[in-house]
Amino acid sequence: EGGGKKERGNKEKKKRKKPLPIMFSKIAVVAWMSACAAGYPAPEVFNGVFPDTTEGHYDLGKQMGTRFATGIKKRLAGNDALNKRVKPYLTTVEGQNVYDTFMGNHQKTYPMYIEELKGIAEGSGVDFHEIFAMNLIQEFSLYAPNATITADKCSDYIVHNKDNVFLSHNEDSDFSDLGYTFLANVTVGSGPNWVAYVYMGDLATGAFGYKAGMFGFTLNKVPPSEGYLNGLGRGFVSRELLSAGSFQSAMGVLKTRPMIAGHNYQMLDIKTGETADVETYGVENKILNVATGDAPHFHANTYVLITNRPQFTDWGSIAREVRASQMPPPTDASTAFNVLGDHHNASYPVYHGAPDNRNGDITGLYTLTTALFDWKKLTFTLYTNNPKEHEVVFVGSLLN
């Protein structure tokens, strides 16, 4: 599978074939609980097998768009950054020039992922240009006047010792995303399949995912305060990760793709247990390998490896970093969850409670789920509510 692969020997037809049927999941579902107590509906599971062709990528997007059309429309309608800042900016001459530059670069580098977005637009009944803008919301915000960019959303801990090797991740977002996520289990071409946590209307993935038997990754927002106009969007690069054929290939993507903004990646090699933290900023990237004997590595929304570039900062991210440094370094999942579930600082906690359980939290963020990629057990686990309560809603194998 490749976002830039051109279809051979089969020209694009005006009429698209009937979408392939959604398949039953190969993932071992323990339980999808209704998270009513937390105020969140449990994410649905989307399954599908698609050919690695122009039509196949389009149909992947169309099936997602059709199934989640209502959620896509509601999510985009509730996004203030899109509706109050980016969309008005794109009606200006400058905004249209930026849009054309972004579109040209992504059409050239990722034609198959543009097809996926076209399919999402067709299936959901939302204008393609709006879907494209939403998938580059932070990137357009770097150029739109009066746009607000915050260094918030998500916290991670990498732990690598002789007994435990894992990535642990809080997926944080604002109110407009509550209830508008799903879990995708997809095979494109000859496989293997990939699994990703997806925001409705977006490419897979702006959160976390894994390529079965190969590698897993989690993502953190780390916004630079200047953009690289001829770079690529974060969501497109993370979609390419799901197409990579190995951990080394995935790392190669992060080392070589120029980015309009930047991103932070926690990486796990499912075959060897290698773990790494990667930061990207425009054409620059830095990597920290975390191995046995190294201290557990916490990451929020501030660049810690790339230190010579201007960036947006946020009290919430700073407070999470401070709190993590005050707590005992984790040695296993339970002690990592003590950090990821911490709300000692009521105003700026590490874990953000549900709408009916804010406890003084003023960030406007909510922890949608906590993910654990456990290499020793080769499992992928999702938790609802505070991870310290160990309320498992999903367990899958990192091998399939």
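- Side-chain atoms of T367 do not come within 3.5 Å of backbone N or O of E171 as any donor-acceptor pair.
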Let's go through F298 and D156 carefully: what are the C-alpha distance in whole Å and the side-chain angles of both, what is the deciding distance for side chain to side chain contact (heavy atoms under 4.5 Å, CB included) to 0.1 Å, and is it a yes or a no? CA-CA 6 Å; F298 180 83; D156 281 82; over 6 Å; no

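- Between the side chains of S243 and Y113, at least one donor N or O sits under 3.5 Å from an acceptor N or O.
- Residues meeting the side chain to side chain contact (heavy atoms under 4.5 Å, CB included) test with E274, sequence neighbours left out: F247, D269, T272, N289.
- A donor-acceptor distance shorter than 3.5 angstrom exists from the side chain of S397 to the backbone of L399, with no hydrogens or angles considered.
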Derivation and outcome, side-chain hydrogen bond (donor to acceptor under 3.5 Å, both in side chains), residues Y197 and T181: CA-CA 7 Å; Y197 189 81; T181 58; 3.0 Å; yes

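- In this structure, F140 has its ring center no closer than 6.0 Å to that of Y89.
- Taken from CG in N385 to CD in E391, the straight-line distance is 4.0 Å, to the nearest 0.5 Å.
- Hydrophobic cluster membership differs between Y228 and Y110, with clusters built from Ile, Leu, Val, Met, Phe, Trp and Tyr side chains linked at under 4.5 angstrom.
- The shortest non-hydrogen separation linking N220 to C154 is OD1-CB, 2.9 Å.
- The CH2 atom of W194 sits 5.0 Å away from atom CZ of R239, with the distance rounded to the nearest 0.5 Å.
- Under the 3.5 Å distance criterion, the side-chain polar atoms of K62 are left unmatched by any main-chain donor or acceptor of G123.
- With contacts defined as side-chain heavy-atom distances shorter than 4.5 Å, the pair L398/T379 does not qualify.
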Does the side-chain hydrogen bond (donor to acceptor under 3.5 Å, both in side chains) test come out yes or no for S155 and N170, once each step is laid out? CA-CA 5 Å; S155 302; N170 276 358; 5.1 Å; no

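- How far OH of Y180 is from OG1 of T70: 9.0 Å, rounded to the nearest 0.5 Å.
- Residues M251 and I287 have side chains in contact (heavy-atom distance under 4.5 Å, counting atoms from C-beta outward).
- N264 places no side-chain N or O within 3.5 Å of a backbone atom of E279 that could act as its donor or acceptor partner.
- At least one donor-acceptor pair closer than 3.5 Å links the side chain of R320 to the backbone N or O of G316.
- Between Y281 and S225, the closest heavy-atom pair is OH-N, 3.8 Å.
- Salt-bridge formation is not detected for the pair D172/K153: no Lys NZ or Arg NE/NH1/NH2 atom is positioned less than 4.0 Å from an Asp or Glu carboxylate oxygen.
- Ring geometry for F373 versus F208: interplanar angle over 60°, hence perpendicular rather than tilted (30 to 60°).
- Remark: D374 CG to L167 CG distance equals 10.0 Å, nearest 0.5 Å.
- Side-chain atoms of N83 come within 3.5 Å of backbone atoms of A77 as a donor-acceptor pair (strictly under, hydrogens ignored).
- No chain of hydrophobic side-chain contacts below 4.5 Å, direct or via other Ile, Leu, Val, Met, Phe, Trp or Tyr residues, connects L305 to V283.
- Aromatic ring centroids of H352 and Y366 lie 6.0 Å or more apart.
- Residue K376 places its NZ atom among more than 12 non-hydrogen atoms of other residues, nucleotides or ligands, all under 6.0 Å distant.
- Around the CZ atom of F175, the shell of radius 6.0 Å holds no more than 12 heavy atoms that belong to other residues, nucleotides or ligands.
- Of the N and O atoms on the side chains of D59 and Q63, not one donor lies less than 3.5 Å from an acceptor on the other residue.
- The nearest pair of heavy atoms linking A196 to A204 is CB-CB, 4.0 Å.
- For the residue pair D277 / H297, a side-chain donor-acceptor distance below 3.5 Å is found, with atom types taken as modelled.
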Passes side chain to side chain contact (heavy atoms under 4.5 Å, CB included), E116 versus Y58? Steps please. CA-CA 5 Å; E116 290 181 17; Y58 178 90; over 6 Å; no

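- Taking the six-membered ring for Trp and thresholds of 30 and 60 degrees, F50 and F46 have nearly parallel ring planes, at less than 30 degrees apart.
- L365 and Y199 fall into different hydrophobic clusters, defined by Ile, Leu, Val, Met, Phe, Trp and Tyr side-chain heavy atoms under 4.5 Å apart, directly or through other members.
- One N or O on the side chain of N285 and one on the backbone of K255 form a donor-acceptor pair closer than 3.5 Å.
- Classified by interplanar angle (parallel below 30°, tilted 30° to 60°, perpendicular above 60°), the ring pair Y143/F102 is perpendicular.
- Between F217 and Y265, the gap from one ring centroid to the other reaches at least 6.0 Å.
- H169 approaches L340 most closely through the heavy-atom pair N-CD1, 3.9 Å.
- Atom NZ of K388 is surrounded by more than 12 heavy atoms from other residues, nucleotides or ligands within 6.0 Å.
- The existence of a salt bridge linking D177 and R75 is confirmed by a sub-4.0 Å separation between a basic side-chain nitrogen and an acidic carboxylate oxygen.
- With a 4.5 Å cut-off on side-chain heavy atoms, M267 and T275 do not count as touching.
- Side-chain contact check for P349 versus H344: every heavy-atom pair is 4.5 Å or farther apart.
- Going from atom CE of M259 over to atom CD of E284 covers 13.0 Å, rounded to the nearest 0.5 Å.
- Going from atom NE2 of H57 over to atom CE of M112 covers 5.0 Å, rounded to the nearest 0.5 Å.
- Minimum heavy-atom separation, M200 to G71: SD-CA, 3.6 Å.
- Side chains of D332 and S334: no donor on one and acceptor on the other come within 3.5 Å.
- Between the D52 side chain and the G189 main chain, no donor and acceptor come within less than 3.5 Å of each other.
- Side-chain contact between D80 and R85: present, with at least one pair of heavy atoms (C-beta onward) separated by less than 4.5 Å.
- Applying the 6.0 Å contact sphere to NZ of K74 captures no more than 12 heavy atoms from other residues, nucleotides or ligands.
- With ring centers used as reference points, F132 lies under 6.0 Å from Y99.
- The number of heavy-atom neighbours closer than 6.0 Å to NE2 of H390, taken from other residues, nucleotides and ligands shown, is above 12.
- At distances below 3.5 Å, not a single donor-acceptor pair connects side-chain atoms of N386 with backbone N or O atoms of E389.
- The heavy-atom pair separating Q266 from L219 by the smallest distance is NE2-N, 4.5 Å.
- You'll find the side chain of Y303 reaches within 4.5 Å of the side chain of P224, heavy atoms only.
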Please walk me through it: do H343 and Y351 pass ring pair (Phe, Tyr, Trp, His ring centres under 6.0 Å)? CA-CA 6 Å; H343 44 75; Y351 175 83; 7.3 Å; no

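- Looking only at side-chain heavy atoms (C-beta outward), N161 and V159 come within less than 4.5 Å of each other.
- Side-chain atoms of N193 and V186, non-hydrogen and from C-beta on, never get closer than 4.5 Å to each other.
- A donor and an acceptor atom, one from each side chain of T205 and S238, are nowhere located under 3.5 Å apart.
- Looking only at distances, no side-chain donor or acceptor of Y383 sits under 3.5 Å from a matching main-chain atom of F337.
- Neither side chain, H263 nor T280, offers a donor N or O lying under 3.5 Å from an acceptor on the other.
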